[in-house]
Protein chains: 2
Amino acid sequence: MAVTIRDVARRAHVSVATVSRALTSPELVRPETRSRVLAAASDLGYQPNRAARGLITGKTGNIGIVVPDLDNPFFTGVLKAVQARAMQADYAVFVADSDEDPVAEAKLVHAMAKQVDGVVLCAPGLEDSQVYEVAGATSLVLLNRRLPGVPAALMDSAGGMHAIVDHLVALGHSRIAYLNGPRTSWSNQERRRGLLSAVAQHKVDLVDLGPFAPRYEGGLQAADLAVAADTTAIIAYNDIMALGVLARLRDRGISVPGDVSVTGFDDLTYAALCSPALTTVAMPVASAGRTAVNLLLDWLDSDNTDVPHVVLETQLIVRGTTTPPRR
Amino acid sequence: MAVTIRDVARRAHVSVATVSRALTSPELVRPETRSRVLAAASDLGYQPNRAARGLITGKTGNIGIVVPDLDNPFFTGVLKAVQARAMQADYAVFVADSDEDPVAEAKLVHAMAKQVDGVVLCAPGLEDSQVYEVAGATSLVLLNRRLPGVPAALMDSAGGMHAIVDHLVALGHSRIAYLNGPRTSWSNQERRRGLLSAVAQHKVDLVDLGPFAPRYEGGLQAADLAVAADTTAIIAYNDIMALGVLARLRDRGISVPGDVSVTGFDDLTYAALCSPALTTVAMPVASAGRTAVNLLLDWLDSDNTDVPHVVLETQLIVRGTTTPPRR
DNA sequence: CTGGCGCTCGAAAACGTTTACGGTTTTTCT
DNA sequence: AGAAAAACCGTAAACGTTTTCGAGCGCCAG
């Protein structure tokens, strides 16, 4: 049924070895015969069988990506970029969704390991030791998580948080609430780090609340605590929580940004679409995805001597939910 | 490096053939030796090499899914379900994003064809003939598109549209605008079909506008046309357009739902989160994804005699953007 | 006692590639 | 022109499995 390398060889009057060479190392065959086999190959619509190739080369031509939740636009953003970059480099992409379950994350990487040349891992919930453990099974690139010894594509969320605080104090705010996401998540720690550094620098009162579920409902809950603490600005862990905050404040008749300013984090599409549009910081999801596969590809054919950590810039997007405080 | 079937055979004092049998067709070996093999295998942590297996069986144990846009929550919703169901059945999932480009869609299926046992295809933009053409390359299941001869998981969007109209006329509306999406897309045709049937049944005035880009900006543009046409209710092609409509109306000081009712389609997360919350119809994305891979798996080991088309129910979600018209 | 059958298992072929090795031709150098 | 070197290409082994075929064995019927 399928057309094999043998068919091409027959049609081009050469051996299978020559066909293989013409396709994978063109410089090894005479231009004349090379074009002959190329012609034969395209005539027959020949596509090499990747399984057979992988069997002997030991490389699969595939990469994997495991994410905690495919319904989360943040991860699908990186997935989209990963997919695009991989396809460009002639790699195919396996995707796995761990459903936020750390043990599933580890399992999935192991299961993928035999079928891919490497995987990019988004695993905010995994223990460091477990990450190292799965790193033994295949080549890893971490996304948005820094760990000595394993390459990573990072986003400067600390810097983004710093920018938010700078923005808020520039507007004149001096008592600010931060609504924590999950305490153990690397993202929350990073954001908090930027927050604290900025706060120390500016001498503002910080009201540190939470942790809350990083969901709409978490925002609803957190909003009340923040107004009870008498703050003029609320920094939410992420956009979804911020949306919850906005909804709760509106329900209680508290005007945004008139009475209180609110910021999110991530710049998901609806941040721009809600009303008032949300001030937030944009994460470079696409370039992070791209560089993650770049790192992986480099890592694969290199002496694995230095472990690159590249950090991408975030960007504060000022929209409608932040103004100077009413005095 | 990796542990092969030969290592297991040596350790269990049997031949490789017996190991293979013990793992894939247990009833063919004596229970005693079977357990010896199994023990050896798990001792060594043996995992069969899928490439080698695929080379000889002709099956890969993988399925593919190609979607027009991974940033679109609709598609990631089905992707998530597809992934989950496939994993359950011990299949791995390749994903490809065509970036809304029909020729890329066809190319991608062809590229995948050799690496997968079948693919679920979301290709609203592809010509029928092209779909048939790619169906020759591998086993296909269509998602949300009906085509004779190829199995499909469908969503009853016509029914959903009918429900919207029923809802609106029940509220008392009698002059309604429909904002078309892309004319050629199967989805738009289906929705329009349901719309027309409901309209004919109820004798209401239908103002048929567009087509518009199925984006936020398309909604901004469409809103003005709808109010100029003096309608009391606006049915948008999808949620994103509806959000654009809401924004534009608010900017113009037209109150929703006071002055005009608005509906969306798809029930994306932000439909529930915007304010007022959007009346829309929920698409069974998850079960569609699940049944798509069920269909694919069934199709793979069956005589391919009848081509199943299963249609899933949609559901009208009444929220805050629809009320009786002011008179 | 013989022939046939069923059960269990091993030897070996096959899947579609890549690549080490060696043989033949062409080029280059003197 | 002749020899050494280089360029080109074919033969065959190898990758890790599955599967066909048949061998060995015990059992039962005749």
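Here is how names work: the chains are called A, B, and so on, in the same order as the sequence lines, proteins then strands, and each is numbered from 1.
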By the side chain to side chain donor-acceptor pair (under 3.5 Å) test, which pairs, at least two apart or in different chains, include something from [range]?
{"range": "residues 114-125 of chain A", "result": "A:Thr60-A:Asp117"}
{"range": "residues 34-58 of chain B", "result": "B:Arg11-B:Asp43"}
{"range": "residues 285-297 of chain B", "result": "B:Arg85-B:Asn294"}

Would you list the protein and nucleotides 7-11 of chain C atom pairs, both N or O, that sit under 3.5 Å from each other?
from	atom 1	to	atom 2	distance (Å)
C:dT8	O3'	B:Arg30	NE	3.4
C:dC9	OP1	B:Arg30	NE	3.4
C:dC9	OP1	B:Arg30	NH2	3.0
C:dC9	OP1	B:Thr33	OG1	3.0
C:dC9	OP2	B:Arg30	N	2.8
C:dC9	OP2	B:Thr33	OG1	3.0
C:dG10	OP2	B:Ser15	N	2.8
C:dG10	OP2	B:Ser15	OG	2.9
C:dG10	OP2	B:Thr18	OG1	2.4
C:dG10	N7	B:Arg21	NH2	2.8
C:dG10	O6	B:Arg21	NH1	3.1
C:dG10	O6	B:Arg21	NH2	3.1

Could you give the angle between the helix axes at the two ends of the helix from C:dC1-D:dG30 to C:dT30-D:dA1, with five pairs per end, rounded to 10 degrees?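 What I find for the helix from C:dC1-D:dG30 to C:dT30-D:dA1 is an axis angle of 40°.
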
With a 4.0 angstrom cut-off to heavy atoms of chain B, pull out the first and last contacting nucleotide of DNA chain D, in 5'-to-3' order.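 The protein-touched segment is D:dG16 to D:dT20.
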
- Message: Any base atoms under 4.0 Å from B:Thr4, or only sugar-phosphate, or nothing? Heavy atoms, all strands.
- Response: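 It contacts sugar-phosphate atoms only.
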
Next on the checklist: At 4.0 Å (heavy atoms only), tell me whether B:Thr57 reaches a base, stays on the sugar-phosphate, or touches nothing.
Outcome noted: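 Sugar-phosphate, backbone atoms only, no base.
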
*Mind jotting down which residue pairs meet the salt bridge (charged side-chain N to carboxylate O under 4.0 Å, His left out) criterion with at least one end in residues 59-73 of chain A? Sequence neighbours excluded, please.*
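Only A:Asp69-B:Lys80 qualify under salt bridge (charged side-chain N to carboxylate O under 4.0 Å, His left out).
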
According to salt bridge (charged side-chain N to carboxylate O under 4.0 Å, His left out), does anything in residues 13-31 of chain B pair up with another residue at least two apart or in another chain? List the pairs.
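Non-adjacent pairs meeting salt bridge (charged side-chain N to carboxylate O under 4.0 Å, His left out): B:Arg30-B:Glu32.
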
Can you list everything that forms a salt bridge (charged side-chain N to carboxylate O under 4.0 Å, His left out) with A:Arg146? Sequence neighbours excluded, please.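 A:Arg146 satisfies salt bridge (charged side-chain N to carboxylate O under 4.0 Å, His left out) with no residue once adjacent residues are dropped.
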
| query | Residues in salt bridge (charged side-chain N to carboxylate O under 4.0 Å, His left out) with B:Arg10, at least two apart? | reply |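 Once residues adjacent in sequence are excluded, the partners of B:Arg10 under the salt bridge (charged side-chain N to carboxylate O under 4.0 Å, His left out) criterion are B:Asp7.
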
**Study point:** Partners meeting side-chain contact (heavy atoms from CB on, under 4.5 Å) with B:Ser139 (sequence neighbours left out)
**Key:**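 With sequence neighbours excluded, B:Ser139 shows a side-chain contact (heavy atoms from CB on, under 4.5 Å) to B:Leu296, B:Trp299, B:Leu300, given in chain and number order.
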
To the closest 0.5 Å, what do you measure between [atom1] ([X]) and [atom2] ([Y])?
{"X": "B:Phe75", "Y": "B:Asn144", "atom1": "CZ", "atom2": "CG", "result": "8.5 Å"}
{"X": "B:Leu268", "Y": "B:Asn72", "atom1": "CG", "atom2": "CG", "result": "7.0 Å"}
{"X": "B:Ser98", "Y": "B:Leu70", "atom1": "OG", "atom2": "CG", "result": "9.0 Å"}

Return the minimal non-hydrogen interatomic distance between B:Ala22 and B:Val29, and the atom names on each side.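 The pair with the smallest heavy-atom distance is N-CG1, 3.9 Å.
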
| query | Heavy-atom contacts under 4.0 Å between residues 37-52 of chain B and DNA chain C, which residues? | reply |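 Correct list: empty, so none.
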
* Asked: When you measure from the side chain of A:His309 to the backbone N and O of A:Val150, does any donor-acceptor pair fall under 3.5 Å?
  ->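 Checked: pair present.
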
